[in-house]
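Report on the following structure.
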Amino acid sequence: MWSGCALRAALSRGHRAHSALAQLRGILEKELEGIREAGTWKSERVITSRQGPRIHVENVSGGILNFCANNYLGLCSHPEVIQAGLQALEEFGAGLSSVRFICGTQSIHKDLEAKLARFHQREDAILYPSCFDANAGLFEALLTPEDAVVSDELNHASIIDGIRLCKAHKYRYRHLDMADLEAKLQEAQKHRLRLVATDGAFSMDGDIAPLKEICLLASRYGALVFVDECHATGFLGATGRGTDELLGMMDQVTIINSTLGKALGGASGGYTTGPRALISLLRQRSRPYLFSNSLPPAVVGCASKALDLLMENNAIVQSMATKTQRFRSKMEAAGFTISGANHPICPVMLGDARLASCMADDMLKRGIFVIGFSYPVVPKGKARIRVQISAVHSEEDIDRCVDAFVEGGTTGQPPSQEGAQDQAGSSAQSQGDHLIARWLMPRTFRWTTQGVWGQWPCLWSLPSSSCWAPWATG
Ligand code: PLP
């Protein structure tokens, strides 16, 4: 039985909890509205099939060609990879209900670590639930306030977060700018250890770190080199070892972090590979390793089979390179500017944000799934559509994608008036020039006299940003 006093106290607590919740809802709604207004809202399209070059997407009729997954080698739906996952699930169960150091280490975890170290020709490797975790767990465990880390300004968010967590002195050099890296290394001479941190391949631009120059500077200034190889492992270099193989620097890079969630089967998981003593230290100190569950056996089984396939036969790596070349050269011949080095990330540079988002929507209508990226994911005025090539795209798939760009560029919907003026006024943005200019210019006059909205009512229905970028920087 409640006494009057207890009842009043309980009611008052309930009222306070209720108003705290109402206050929270207000704050959250405001935040969400801010994101929508800023045009940075990320929507997610729902795939109703397996991941692969051809997928089905909710509310889109028929199959579509997928050009925006990190499924570089197409292994995430490879029958042998799936079979290996099923077998591991059967033999080792759904999961460990434990972290590695308590009772979460199975023979398959040790086997995969050894295989990864062999693949990269390093002394040892350690698995993490993701590469995000590998990056979050490395710097803090390795570097102290006596040390320094020197990081490329466009490094992946997980490297930035990992560096934030450590107590080392932090230096940031301009993207790929070796003179600036040298200046920062000179400044960092006073510290005990210096670690240069870079992505091997940068996911927004498809450009590749100049590892030769980085390693040269590192050796001149007594620094170690760390490379995140998420967008390189499995397919860059003659046998898919990554950026270090591509640039002949296999023995110069001290530490590599990479993912199992892209080319190596695409499920999830990450790892660090490098000197044995470092890997041992990470097993003792690295927080995402110590305090998060072991990788599920099915995931380990899939990644392990993906590595076997890759090490047995590297034809798939060559096929990837040939298809990338086909897409890039055909697009360039059609007048588009494709950023980056010869990487399967092929950013089709458009400049204007609305143009990128309209064109991505238009491509979907033509049966091609690609993503438009604009500010703040990429710098203002550098909006693009990111196309990602996979070894399992056929030549016909690639040609269809190119054709869709060409058709879209000549007959598709225009961007907003503002966007058009932006685009027209920026000759430096002359991306896909003659096509896009042909697309925009003759209509500019009509836009200004009749108003773009009346003429292309579809633009009203665009979300405040249809530049939804679920894998921004990913
Ligand atoms: N590093 C880079 C360069 C990435 O692109 C990504 C993923 O998008 C990660 C780290 C994180 O990898 P994971 O998905 O395994 O957490």
Side-chain angles (χ1 to χ4, degrees), residues 42 44 51 68-73 75-76 112-113 116 120 125-139 149 151-165 175-176 196-209 211 214 225-236 242-244 246 253 255-274 282 286-289 292-296 298-300 302-304 306-307 340-341 343-347 371 373 377-378 386 388 390 468-474:
K42 293 177 263 314
E44 295 173 8
Q51 182 63 285
C68 52
N70 298 310
N71 183 23
Y72 294 112
L73 299 177
L75 294 179
C76 65
L112 179 55
E113 286 171 341
L116 285 165
H120 285 285
I126 176 175
L127 288 171
Y128 283 87
S130 68
C131 186
F132 202 108
D133 285 328
N135 286 340
L138 174 73
F139 302 96
V149 57
S151 174
D152 186 294
E153 64 179 349
L154 292 192
N155 276 341
H156 188 260
S158 55
I159 301 178
I160 294 170
D161 285 6
I163 289 175
R164 275 191 193 138
L165 289 170
H175 182 50
L176 306 185
V196 179
T198 182
D199 279 7
F202 291 82
S203 63
M204 280 301 117
D205 289 306
D207 48 357
I208 291 175
L211 278 191
I214 290 175
V225 177
F226 158 84
V227 183
D228 176 324
E229 287 283 75
C230 282
H231 290 280
T233 299
F235 56 94
L236 282 193
T243 317
D244 55 350
L246 180 75
V253 173
I255 307 165
I256 287 175
N257 277 6
S258 194
T259 185
L260 306 174
K262 301 193 195 299
L264 298 184
S268 66
Y271 59 91
T272 298
T273 185
L282 294 175
S286 181
R287 293 166 70 84
Y289 178 83
S292 190
N293 245 21
S294 310
L295 270 189
V299 169
V300 176
C302 289
S304 190
L307 268 178
H343 192 281
I345 290 174
C346 304
I371 304 289
F373 290 93
V377 176
V378 295
R386 187 174 74 170
Q388 286 174 283
S390 168
W468 55 284
W471 302 289
T473 77

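Predicted, not measured: the structure shown is a model, and the values here were computed from it. Atom set for the values below is all heavy atoms of this structure, side chains included, hydrogens, waters and symmetry mates excluded. Order of listing sets the numbers, starting from 1, for every ligand and every atom in it.
- Distances from atom 5 (O) of ligand 1 to the heavy atoms of Glu229, His231, Met204 show the closest one on His231.
- Of the inter-residue distances, the one linking Phe202 atom CZ with Leu176 atom CG reads 5.5 Å to the nearest 0.5 angstrom.
- Proximity to Ser158 (heavy-atom distance under 4.0 Å) selects the following atoms of ligand 1: 1 (N), 10 (C).
- Every side chain to side chain donor-acceptor pair (under 3.5 Å) that Thr272 has, sequence neighbours left out, goes to Asn257.
- Side chain of Asp199 to backbone of Asp228: no donor-acceptor contact under 3.5 angstrom is found.
- No side-chain N or O of Asp205 forms a donor-acceptor pair with one of His175 less than 3.5 Å apart.
- For ligand 1, none of its N or O atoms has an N or O atom of Gly261 under 3.5 Å away.
- Close approach to Gly269 involves these atoms of ligand 1, each under 4.0 Å from a residue heavy atom: 15 (O).
- Judged purely by atom type and a 3.5 angstrom limit, Arg386 uses its side chain to pair as donor or acceptor with the backbone of Ser203.
- Polar contact check, Asp199 against ligand 1: no nitrogen or oxygen pair lies under 3.5 Å apart.
- At least one N or O atom of Lys262, backbone or side chain, sits closer than 3.5 Å to an N or O atom of ligand 1.
- No side-chain heavy atom of Leu211 sits under 4.5 Å from any side-chain heavy atom of Leu246.
- In summary, the atoms of ligand 1 found under 4.0 Å from a heavy atom of Phe132, numbered by their order in the structure, are 11 (C), 12 (O), 13 (P), 16 (O).
- Side-chain N or O atoms of Thr259 include none that pairs as donor or acceptor with a backbone N or O of Cys131 at under 3.5 Å.
- The ligand atoms of ligand 1 that sit less than 4.0 angstrom from a heavy atom of Thr259 are 13 (P), 15 (O).
- Residue contacts with ligand 1: Cys230 is placed with no nitrogen or oxygen under 3.5 Å of a nitrogen or oxygen of the ligand (distance criterion only).
- Judged by the shortest distance from any of its heavy atoms, Ala201 lies outside the 4.0 Å radius around the atoms of ligand 1.
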